[in-house]
> 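Following this message is one structure expressed as structure tokens.
Nothing fancy with the numbering, it's 1 onward along the sequence. Hydrogens, waters and symmetry mates play no part in the numbers below; they use all other heavy atoms, side chains included. Predicted model only: the values in this text are computed from it and were never measured.
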Amino acid sequence: MLDVSNLTLRYGQSQILHGISLTAAPGEVTAVMGTNGVGKTSLLKAIAGRHPFRDGRITLDGRDLGHPSAYAAARAGIAYVPQGREIFPLLTVRENLETAYACLPRGERGIPGRIFELFPILKDFLARRGGDLSGGQQQQLAIARALITRPRVLLLDEPTEGIQPNIIQQIGRVIETLRAEGEMAIVLVEQYFDFAVGLADRFTVLTRGEVSFRTDKAALDREKLLSAVSI
């Protein structure tokens, strides 16, 4: 269980997040939604240790992570797939995957066959440079790289952005598979409304850096959620 409590974040003199609280449980997808600029990416970066937050607490399986660095968050079991993917363009697909080894014990460093079950295309492209892949293939590579760390929490920032429809469907199936396995909590930042609604078990909407709406799948009113994310 990931538990984010009263998290506050600033960029210089500007306060971006105002006391955000969020929980994400294994076997569930928690969608964080809202318009551009409301703090969704900043929230994921704070959880992933990529931006220091001022106040608040992040706990994973009951353990307080303090104010973790990106390395410490990864070692604790938090994997982050950033918006824009951040693939190394001059490294091969294999080398991009191997960059995930940095947070693993030496004895666990390897590319599990499971990765190629989820993303078969990557097995054929191991020797191809990351920069030569299409946007959709790069997104698959970015998710695969995150999964190599064997995360307890998977943070996905706009995984459908700029991706062709058939790859969006495949990424959706991968997320469904990971959720069904019940071993990790998935936090999904997504503006593609139908994609998020089709996958998520819980919904948190941000407006101007604050939580403005929450609901879960059982109580979902699609029109209310659409209205909330459009403000």
Side-chain angles (χ1 to χ4, degrees), residues 1-4 7 22-30 43-53 56-130 133 137-157 159 171 174-189:
M1 172 75 76
L2 173 73
D3 189 354
V4 178
L7 192 144
L22 176 80
T23 60
E28 292 186 354
V29 175
T30 299
L43 174 61
L44 290 198
K45 285 184 174 181
I47 297 170
R50 295 182 61 158
H51 195 289
F53 54 91
R57 187 172 71 167
I58 298 174
T59 62
L60 181 58
D61 295 332
R63 179 164 69 94
D64 190 344
L65 301 185
H67 288 63
S69 65
Y71 177 74
R75 285 294 300 268
I78 298 174
Y80 175 50
V81 181
Q83 186 177 23
R85 301 177 281 275
E86 296 184 6
I87 293 302
F88 295 100
L90 299 182
L91 298 184
T92 66
V93 167
R94 181 185 294 277
E95 289 166 341
N96 268 278
L97 292 171
E98 289 172 346
T99 63
Y101 293 175
C103 66
L104 292 174
R106 190 168 299 275
E108 297 180 12
R109 295 178 180 181
I111 302 174
R114 174 70 166 149
I115 295 298
F116 302 124
E117 293 175 7
L118 294 171
F119 302 106
I121 194 68
L122 297 182
K123 189 171 184 178
D124 298 329
F125 288 172
L126 283 174
R128 187 172 297 189
R129 293 192 306 181
L133 302 185
Q137 291 162 353
Q138 288 187 8
Q139 186 67 69
Q140 293 177 81
L141 175 56
I143 297 172
R145 180 177 57 187
L147 293 177
I148 284 177
T149 67
R150 300 166 179 83
R152 296 283 295 133
V153 177
L154 179 64
L155 309 176
L156 299 170
D157 194 355
I171 289 172
V174 168
I175 294 172
E176 289 175 338
T177 297
L178 297 173
R179 176 182 59 191
E181 291 172 351
E183 296 180 0
M184 70 178 69
I186 300 170
V187 180
L188 171 69
V189 163

> So how far is it from Ile186 CD1 to Leu154 CG, rounded to the nearest 0.5 Å?
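Atom-to-atom, Ile186:CD1 and Leu154:CG are 5.5 Å apart.
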> Given the rule in the side chain to side chain contact (heavy atoms under 4.5 Å, CB included) test, do Arg129 and Val93 qualify, once you have shown the distances and angles that lead to the verdict?
CA-CA 6 Å; Arg129 293 192 306 181; Val93 167; over 6 Å; no
> In this structure, which one of Ile47, Leu65, Thr23 forms a side chain to side chain contact (heavy atoms under 4.5 Å, CB included) with Leu2?
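For Leu2, the side chain to side chain contact (heavy atoms under 4.5 Å, CB included) check succeeds only for Ile47.
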> Taking atom CD of Gln137 and atom CZ of Arg85, what is their separation to the nearest 0.5 Å?
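Nearest 0.5 Å value for the CD-CZ distance: 11.0 Å.
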> How close do Pro112 and Arg150 get, heavy atom to heavy atom, and via which atoms?
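Taking every non-hydrogen atom into account, CG-NH2, 4.1 Å.
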> Would you compute the distance between atom CG of Leu156 and atom CD1 of Ile175 and round it to the nearest 0.5 angstrom?
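Going from the CG atom of Leu156 to the CD1 atom of Ile175 covers 5.0 Å.
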> Which value, rounded to the nearest 0.5 Å, describes the distance between Ile58 atom CD1 and Asp64 atom CG?
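Nearest 0.5 Å value for the CD1-CG distance: 9.0 Å.
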> Give the intermediate values and the outcome of side chain to side chain contact (heavy atoms under 4.5 Å, CB included) for residues Tyr101 and Thr149.
CA-CA 7 Å; Tyr101 293 175; Thr149 67; over 6 Å; no
> Would you confirm whether Thr92, through its side chain, and Glu95, through its main-chain N or O, come within 3.5 Å as a donor-acceptor pair?
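Side chain of Thr92 to backbone of Glu95: a pair is present.
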> Using every non-hydrogen atom in the two residues, find where Gly56 and His67 come nearest and quote the distance to one decimal.
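Gly56 and His67 have their closest heavy atoms at O-CE1, 4.4 Å.
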> Excluding sequence neighbours, so at least two apart, what forms salt bridge (Lys or Arg N to Asp or Glu O under 4.0 Å) with Asp61?
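Asp61 satisfies salt bridge (Lys or Arg N to Asp or Glu O under 4.0 Å) with Arg152 only.
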> Using a 4.5 Å cut-off on heavy atoms from C-beta on, say whether the side chain of Val81 contacts that of Pro159.
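A side-chain contact is absent here, since even the closest heavy-atom pair is not under 4.5 Å.
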> Would you say that Leu118 contacts Leu147 through its side chain, given a criterion of any heavy-atom pair below 4.5 Å between the two side chains?
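In contact.
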> Heavy atoms, side chains only, cut-off 4.5 Å: are Leu7 and Arg57 in contact?
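They are not in side-chain contact.
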> Using a 3.5 Å distance criterion without hydrogens, assess whether the side chain of Asp3 forms a donor-acceptor pair with backbone atoms of Thr59.
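A pair under 3.5 Å: no.
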> Who pairs with Arg50 by side chain to side chain contact (heavy atoms under 4.5 Å, CB included), at least two apart in sequence or on another chain?
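For Arg50, the residues satisfying side chain to side chain contact (heavy atoms under 4.5 Å, CB included) (neighbours in sequence not counted) are Lys45, Ala48, Ala70, Tyr80, Pro82, Glu86.
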> How long is the straight-line distance from CD of Glu28 back to CG of Leu188, given to the nearest 0.5 Å?
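Here the interatomic distance stands at 13.5 Å.
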> Could you tell me if the side chain of Gln140 sits less than 4.5 Å from the side chain of Phe125, heavy atoms only?
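No, too far: nothing below the 4.5 Å cut-off.
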> Measure the CG-CD1 distance between Leu133 and Ile121 for me, rounded to the nearest 0.5 Å.
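Leu133 atom CG to Ile121 atom CD1 measures 9.0 Å (nearest 0.5 Å).
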> Which atoms form the tightest heavy-atom contact between Pro151 and Ala146, and what is the distance?
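Scanning both residues completely, I find the closest heavy atoms to be CD-O, 3.7 Å.
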> Quick one: does Met184's side chain get under 4.5 Å of Pro26's, heavy atoms only?
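Met184 vs Pro26: side chains apart.
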> What pair of heavy atoms forms the shortest contact from Leu122 to Ala144, and how long is it?
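In terms of heavy atoms, the two residues are closest at CD1-CB, 3.6 Å.
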> Below 4.5 Å, heavy atoms only, C-beta onward: do Leu155 and Val153 meet side chain to side chain?
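Leu155 reaches Val153 side chain to side chain.
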> Nearest heavy-atom pair of Asn96 and Phe88: which atoms, and what distance?
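Of all heavy-atom pairs spanning Asn96 and Phe88, the closest is OD1-N, 2.9 Å.
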> Between Ile171 and Gln139, is there a side-chain heavy-atom distance shorter than 4.5 Å?
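Counting from C-beta outward, Gln139 and Ile171 do come under 4.5 Å.
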> Mind running side chain to side chain contact (heavy atoms under 4.5 Å, CB included) on Leu44 and Val187 for me, showing each step along the way?
CA-CA 8 Å; Leu44 290 198; Val187 180; 3.8 Å; yes
> Ignoring hydrogens and geometry, is there a side-chain-to-backbone donor-acceptor pair from Arg109 to Leu104 under 3.5 Å?
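Indeed, once roles are kept as given, a pair shorter than 3.5 Å links the two residues.
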> Would you check if Glu108 and Pro105 make a side-chain contact, meaning some heavy-atom pair closer than 4.5 Å?
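In short, these two side chains touch, coming nearer than 4.5 Å.
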> Which pair of heavy atoms, one from Gly66 and one from Pro68, lies closest together, and at what distance?
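Here Gly66 and Pro68 meet closest at O-CD, 3.2 Å.
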